[in-house]
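Read through the structure below, which is laid out as structure tokens, and then see the notes.
It should be emphasised that the depicted structure is a prediction, and the values quoted were computed from it without experimental measurement. In the text below, chain A, chain B and the rest are named by the order of the sequence lines, each starting its count at 1.
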Amino acid sequence: MRDRYEPGEFEAGWRAKWAGAGLFKTREEEGREKFYAADFFPYPSGAGLSVGHCRNYVPTDVLCRMKVMQGFNVLHPMGFDAFGLPAEVEAIKRKTHPAPMIDQYAANYRRQMDLIGVSYDWSRSFKSSDPEFYRWTQWVFSLLYKKGLAYRKDASVNWCPFDKTVLADEEVVGGLCWRCNNPVEKKNVPQWFFKITAYADRLVDDLDGLDWPEGIKAQQRNWIGRSEGVEFEMVIAAQNAGSTAAEHGGPVAQQPDDHRSATGQPLDDELAALKAEVAAEGGAGDWDKQYKIDDITKKLDKAQEGLAKGTAKFERAVMNIKPDDSESFQILEREKRASFRVFTTRIDTIFGMTFCVLAPEHALVAKIFDVVDAQRSVELRDYIDRAKRMSEADRTAATREKTGVFTGVYAINPANGKRVPVWIADYVMMGYGTGAIMAVPAHDERDHEFATKYGLDVVPVIAPSGGPVATDSNPTATGKPQGSLPDLPFSTKDGVMINSGEYDGLTVQEGQQKLTEWITALGIGEKKRNCKLRDWLISRQRYWGCPIPVIHQADGTMDVVRDQDLPVELPDVDRYEPGEDGSSPLAHIPDFVNVTDHDGRLGRRETDTMGGFACSSWYFLRFCDPHNDEKAWDPERVKYWMPVDCYVGGAEHAVMHLLYARFWTKFLFDEGLVTVQEPFARLKNQGQVLGRTPYRRPKENENLQVGEEGVLVSYEEAKTLPEKDVTWRWVRMSKSKGNVVTPDEAVEQFGADALRLWELFVAPFDADVEWTNDGMNGTARFLSRLFKLAHDLAGVYDRDWHAKIAQAPTDGVGRELRRSTHKFVAKATKDIDGFAFNTYVAAAMEHLNTVNDLLKKATMTDAEKLALSEMIELTVLCLSPAAPHTTDEIWEGLGHKGFTYDQKWPTADPDLAKDDTVTIAVQVNGKLRDTIEMPADATGEQLEAAARQSEKAKPHYEAMTVRKVVVVAGKLVNIVAN
RNA sequence: GGGCGAGUGGCGGAAUUGGUAGACGCGCUGGAUUUAGGUUCCAGUCCCGCGAGGGGUGGGGGUUCGAGUCCCCCCUUGCCCACCA
């Protein structure tokens, strides 16, 4: 047996033997538990793998290898996310076709993955661009289409003029394209969407049951952005066409409204009972009951058609418009109830509404043109046109000052009957809620900024908790008004209502409930949940993607391609560049476009393709049954393997891939095609690997991009520059930064197992790493020590140790060896399961150090020889997942045939691992003064007695009175004295 | 601005979850072996102090017999989201 780690001599040989034996072929044997682990579906970039990718693949591999040894049926597949923009862009740049290019890149990825010994079952591998795969992507599309969850509509979409493609919302980062960082524009074209919003509630609610990093769950919740509030109707009041700006928001005489009377309508018993329950519970927080109440209320309202609308109460509260003879008013009258709806999460602040804002795209804006004078109409048009032209980036720039324009019309605040001016401003987004808001400048920063700029009223209606504050409507309250309110605006929910009529004094929570009840009873509003999440824009006007399987008929209708006619194959063409106008290249291929459907009708194929995230939304299902050409999968196979027990990849996919895959899985669950509602039971994000990257100072007259602090240079150039002009920064490894360390070079220099161990050991799994090769010296050294130890013990190794060791004496060095061995077995098992790979490797090193120390004391008794046999065998097996080449080499050197991968994972004996003496800390007043060795099972009395004997501790309390002695079994004795 | 996280030797990081801070490794220092070393082995390595001892986990307070760990305030920093009503 070799006595040192010489990776060049044996590692490649073992990889060949593993492949030859089909070692990593998935087993589906009866009577074993299953374990499905997957790494994120990688796009095979031309740059190849870096040591950063390995930080994803090696830990998963270690876990899978242990699970195999523990007797699980393990599914550990790998495939390639071949379709999509990155591949197409690269192919265009290299003036080649994406298909052969991707094949070449994927082959290189596979070569590199094999090089570091990852145990993928390549017999299950596929690329998303294989027709045998995307046939079923199209099939899922057709299922979604049939359920109304895939639809086509004209949409203002994110358009990247540089990449000439439409982007999903998730692909727009700060108004810039996620791929090329160019500003994204708005463009109005027909597009395909998946109705992910229909699943928004479940996508939020089901996060709770997932073993995922909390940060990722929070990001998904935040992205979906569910919020609960009230949506209600605001009715337009007119004003004189020639009225002055001074009238904006000017107070009008308040009508003595009786809000509560509106709730006095007859209620059915159930409703009354529910309300009583809510009241009994303190009245706050129980949304489920609230929803029930709302439901019943709505039904009641419908049953008694017009109850609310027909009542005088309603007329008084809502149609409280000052009679006025202006032409505009008459038009509005004719329109009958010109109105708009607003959404608020703070209905409790409704009395503080001093104006309303419509998004420039709001439908009501067109009507307003008709009722305002010519000059104002020009102003409005001008503002709206400018808003439309503006890019998303400009419009949403956080630093931008708010702009807006008064429409000339007013709406009625239903709470107090006051007229409030209606403005148009682009800080209100058409895509969220109703595209219109009630503005409460006292308690909303954005509204406050706007109100300040345009001189609109600010009326505080909440006083933070800490005592009632005197107000107009409650002048006798005990608190002093002056200085009691913090600077406006503030948005606390921990406060009481003021300036709110009969609601004064209620807490925010009480107010929300009462006002919601009131506005619901009034019939102009109801509780509502809103989401920031929008439907998933899936179509791309690009070549390199999965074709959307739809045929447009001559009569303007659409048909989805029949299952038996799938796949709609991507035509093999020479030219596939996108058109300048944003049209799909497929649209220019007559053979593709013109189609005769199964009924013999002439039609036109849909020429859009799907964005790459469609493929990655179900590939993990295909791995369960990858070669099925009858169906996308056999439900039995998917039922067996799903869910993915452990899913590993980078945190950058927190919202896109992971949200889409969850959506498809839920949809397929609803269709009865899969048995799980969630695809990934456990998710782990590895930390990023950063490479040392040189930047030089900008030269004179050289402009830096915003956010850049220097000019990126190559290592070669950095060497030629004076030291003071170069700053080294840690930047994520990428080809473009020139800071990539490849596994190829690391394996060449240090060996695959040294690389694997270093990937595990370098830092906690989820921590970012500033990569240096130096550490691999340490892991290679460790492997050499392991070889040396095995080499030296080969002569005493008795492979029948197991049968004999029970009879051997259990004391001295032999006992110590066994203790260290079993401690390591326990630690390795626990740490691998817990993704604590760094401490797993550290424990192996510590164990080896202990063994080497013990060996110096050993006299090679029979008992010691057996303990050493056990030690070397179990140590090798427990290191097999991390350093498989090395352990197989040693295994063979010890006289075994086959692979450690096929061996049974050792089980630790807790009795053997247990210490029989422990070091007890002797503290005086919490300060360490001495340590004493005691039997592990010593009683508290014995510990205290021994501690009191300590000569080192005595001087520190002799002169004092001992007040108490704290004894912690197995840990310490603390003598408290003063 | 919001959400989540993190601050421990020269460096990466350990710490049984409130119980001996610095495991393990890198680097460094000294020694041995070697023709040589990007080799191997041995010893040392938180700071101050000759010493007994003292100080020490970003800073300040608190709870406790005892705090890296829990609570409050502050500072620094990473990532994600960002006019979402």
Protein and nucleotides 48-55 of chain B: nitrogen or oxygen contacts under 3.5 angstrom:
residue	atom	partner	partner atom	Å
B/G54	OP1	A/R929	NH1	3.4
B/G54	OP1	A/R929	NH2	3.4
B/G54	OP2	A/R929	NH1	2.9
B/G55	OP2	A/K927	NZ	3.0

**Request:** Decide yes or no on ring-ring contact (aromatic ring centres under 6.0 Å, His included) for A/F761 and A/F837, but give the supporting numbers first.
**Result:** CA-CA 7 Å; A/F761 183 63; A/F837 301 104; over 10 Å; no

**Asked** Are A/Y454 and A/F355 an aromatic pair by the rule of ring centers under 6.0 Å?
**Response** no

Return yes if some donor-acceptor pair links the side-chain N/O of [X] with the main-chain N/O of [Y] below 3.5 Å, else return no.
{"X": "A/N413", "Y": "A/I350", "result": "yes"}
{"X": "A/D768", "Y": "A/G687", "result": "no"}
{"X": "A/T434", "Y": "A/R341", "result": "yes"}
{"X": "A/H443", "Y": "A/P460", "result": "no"}

**Prompt:** Considering only side-chain heavy atoms of A/T344, which listed nucleotide, B/A85, B/G3, B/G12, is closest?
**Reply:** B/A85

**Request:** Could you check which of B/C83, B/A82, B/A85 has an atom nearest any side-chain atom of A/W223?
**Result:**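 For A/W223, the side-chain atoms sit closest to B/A82.
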
SB check [X] [Y] (cutoff 4.0 Å):
{"X": "A/K453", "Y": "A/E401", "answer": "yes"}
{"X": "A/D766", "Y": "A/K684", "answer": "no"}
{"X": "A/K402", "Y": "A/D426", "answer": "no"}
{"X": "A/R756", "Y": "A/E759", "answer": "no"}

**Asked** Given that both pair distances must be under 3.5 Å and the pair must be Watson-Crick or G-U, what runs of three or more consecutive pairs involve RNA chain B?
**Response** B:1-7 with B:75-81, B:10-12 with B:24-26, B:27-32 with B:40-45, B:46-48 with B:53-55, B:58-62 with B:70-74

**Asked** What is the glycosidic conformation of B/G58: syn, defined as within 90° of 0, or anti?
**Response**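 The base of B/G58 is oriented anti (glycosidic angle more than 90° from 0).
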
**Request:** Please work out whether B/U17 sits syn or anti, treating a glycosidic angle within 90° of 0 as syn.
**Result:**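 Judged by the O4'-C1' to base torsion, B/U17 sits in syn, the angle falling within 90° of 0.
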
**Message:** Measure NE2/A/H791 against P/B/C41 and give the value in whole Å, please.
**Reply:**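 These atoms are roughly 15 Å apart.
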
**Asked** Whole Å only: how far is the CH2 atom of A/W730 from the P atom of B/C11?
**Response**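 Roughly 14 Å, once rounded to whole Å.
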
**Request:** Could you give me the CA-CA distance, side-chain angles and deciding distance for A/D853 and A/K856, then say whether salt bridge (charged side-chain N to carboxylate O under 4.0 Å, His left out) is met?
**Result:** CA-CA 6 Å; A/D853 286 345; A/K856 287 175 202 157; 3.6 Å; yes

**Prompt:** Going by modelled atom types, is there a donor-acceptor pair between the base of B/G38 and the side chain of A/Q749 at under 3.5 Å?
**Reply:**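 Side chain to base: pair found, below 3.5 Å.
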
**Request:** Assign a letter to each nucleotide of nucleotides 17-28 of chain B from its 5' end: B, base within under 4.0 Å of a protein heavy atom; S, sugar-phosphate only; -, no contact.
**Result:** --BB--BBSSS-

**Message:** Applying a 4.0 Å non-hydrogen cut-off, can you work out what A/P213 is touching in the nucleic acid: base, sugar-phosphate, or nothing?
**Reply:** nothing

